[in-house]
Amino acid sequence: MIDVDDLRFAYAGGGFELSIPRLAVAPGEKVAVVGPSGTGKTTLLNLLSGIAVADAGRLIVDGADLGALSDKERRAFRANRIGFVFQNFALLDYLTARENILYPYRIGSGLRLDDTVRERAGVLAEACGLEGKVGRRPAALSQGEQQRVAICRALVTEPALILADEATGNLDPDTKTLILDLLFERADAADATLLAVTHDHELLSRFDRVVDFADFRAAAA
Amino acid sequence: MNALFLAIQYLRYHWGRSLVLVLVAALILSVPMVTQSILARSQDALTERAEATPILIGNRGSQLDLTMNALYFSDDRAEPVTMAATEEVWDSGLALPIPLHTAFQTNGARIVGTTLDYFDFRDLGFAEGRVFAVLGEAVLGAAAAERLGLGAGDTIVSAPENLFDLDGVYPLEMSIVGVLERTGSPDDDAVFADVKTAWVIAGIGHGHEDVITRAEADAGNVRAAASIVEFNRITEDNIDSFHFHGAPEAFPISAVLVAPYDARSGTILRGRYLDPDRPLQAVVPAEVIGDLVDRIFRIKALLDAVTAIIGAAAVSAIALSLFLSWRMRAPEMATAFRLGAGRGVIARLVVGEITILLLAAVSLSAMIVLLIQSRSEALTAWLLSLGT
């Protein structure tokens, strides 16, 4: 699913440089990415989703060579093949939970909203325990429910890769476990690969594999 | 469609902000149009009525006050003249004089004491009832009747000229005998009565119980006392007791509306009032109003400039508000970008939101303009009758 080889990236302003000699993730694998702050974990997610472009090296995600894609193609790739779950949920306060789930189809390149999608969104919401709550706006939902909505939004496009950036960071311990269970369950149901950045070491045992960014820094040094 | 959907959802959720923006934008759009429309209508109304009134005779003083009071029944009050001014025109044989007495009001409507010639001169038709025939009868303008909810068969009471004028004007209850058809002129807001009825309101004419009985008269026992009942309503039973004290030619009127029989007569008549030592003057309303309209339009140019400046400031404020709103939505845009939003999505969202706001503002301003225009005649008549 992910094939990274000798990847190098630096921000234009300088000061930060990311170097990943080798990283491979198999389809359906659930990988946790850990490491100290500022080591480039979120930058990796940006590179994997095509938000940022590597300066050198090879980056293949779900068969697509991201370095060879244009900006427009990378946007379409992101909309169609990547599902994002953010730490702050990033829901829109003026949309209901149902419309937040369907939001990628309102803005995403190459996505078309039709009855099939609406039905899929309804099934997802129900599977995530949101039955009866999809008509509410985020302000009327608990934090756990908001993250469930965010997970539904990440899965509604049936992505090959789910990128979770501190997805449980804002949740209490009980909800954290429930959300992670849900994320794993839905990823399995969708045959999706999961790459999750986390600082929560209690959860690492739940993942198939853990990638520590401290190793990359050591390798670069 | 998706951008439009999101824009509608956002505007609905922030309905208070959206409403304020729409209202402000609608006012910016409609105020210049409404001002233009009202001014144009005012100019027409002023000019039409002035041109339909050949000559006015009144006390020497402000020509504008005389014209505004006699034509538009405004609160501008020229010094009164006497009925002798009317008689003088009659005697000249050059024109038809129509006396106007506009000193009193009733329920916010001007009481115009005049003669039946006024109705013919202004070509006023009746929606119901008839003209006044005897003392104490009144005819209502269409707007006054509608506003007060009165019609033929009802009564209306004159208002005291001054609350503290205890020995002066007493309220007189008048019987309404007719309502005029709407004309879109100040006549709509007036209450018409015979000039003699106006003099009764002024206290010059009055009716009361007999001062003495025949037996007392025979006995030479003549007396008058404050206990004698004075009538404040004119009825069939007491109308004969009404009488006037003094010579009619000395009774006050506000102005004389003059309709010369021909142009030559008008010129001769005007010539007779040129002497600055005479207490009376003859004015041509069209000339007075022409000067006024010129002045209004000079002021309008200034108003236009002020409106443009305020409009520009308001547009800038709206633009700043929208800009700040979009700055506050930066996290939403970042999310859209991370989820794979196309390059033009954000631009489409902005355009969609502005288009909806503009459409709502244009629709609202169109409704405001249409509403004002549909009532421009009444509004203009009301504006023209306002005092200074």
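Here is the naming used below: chain letters follow the sequence lines, and residue numbers restart at 1 for every chain. Quick caveat: nothing in here was measured; it's all calculated off a predicted structure.
More than 12 heavy atoms of other shown residues, nucleotides or ligands fall within 6.0 angstrom of atom CD in E131(A). Environment of CZ in R209(A): crowded, with over 12 heavy atoms of neighbouring residues, nucleotides or ligands closer than 6.0 Å. For CZ of R12(B), the number of neighbouring non-hydrogen atoms (other residues, nucleotides, ligands) closer than 6.0 Å is 12 at most.
For the set Q9(B), R338(B), E332(B), the entry with the most heavy-atom pairs within less than 4.5 Å of chain A is R338(B). Most heavy-atom pairs under 4.5 Å with chain B: of the set K72(A), E99(A), R74(A), R78(A), this distinction falls to R78(A).
Figure legend: R106(A) and F5(B) shown as a cation-pi pair, the cationic atom lying under 6.0 angstrom from the six-membered ring centre and within 45 degrees of its axis.
You'll find the side chain of L6(B) reaches within 4.5 Å of the side chain of Y103(A), heavy atoms only. Side-chain contact between I107(A) and N2(B): absent, with no pair of heavy atoms (C-beta onward) separated by less than 4.5 Å. For the pair F86(A) and T335(B), the minimum side-chain heavy-atom distance is below 4.5 Å.
Shown here for A341(B) and S109(A), the closest heavy-atom pair between the two residues is C-OG, 4.0 Å.
Note on ring orientation: taking the six-membered ring where Trp is involved, the planes of Y13(B) and Y94(A) are tilted (angle from 30° to 60°).
Contact residues of residues 349-364 of chain B toward chain A are absent (heavy-atom distance under 4.5 Å).
Of the two parts of R329(B), only the side chain, counted from C-beta on, holds a non-hydrogen atom closer than 4.5 Å to a non-hydrogen atom of chain A. Interface residue D71(A): only side-chain heavy atoms are found under 4.5 Å from chain B. Neither the backbone nor the side chain of N88(A) comes within contact range of chain B, judged by heavy atoms closer than 4.5 Å. Interface residue L92(A): only side-chain heavy atoms are found under 4.5 Å from chain B.
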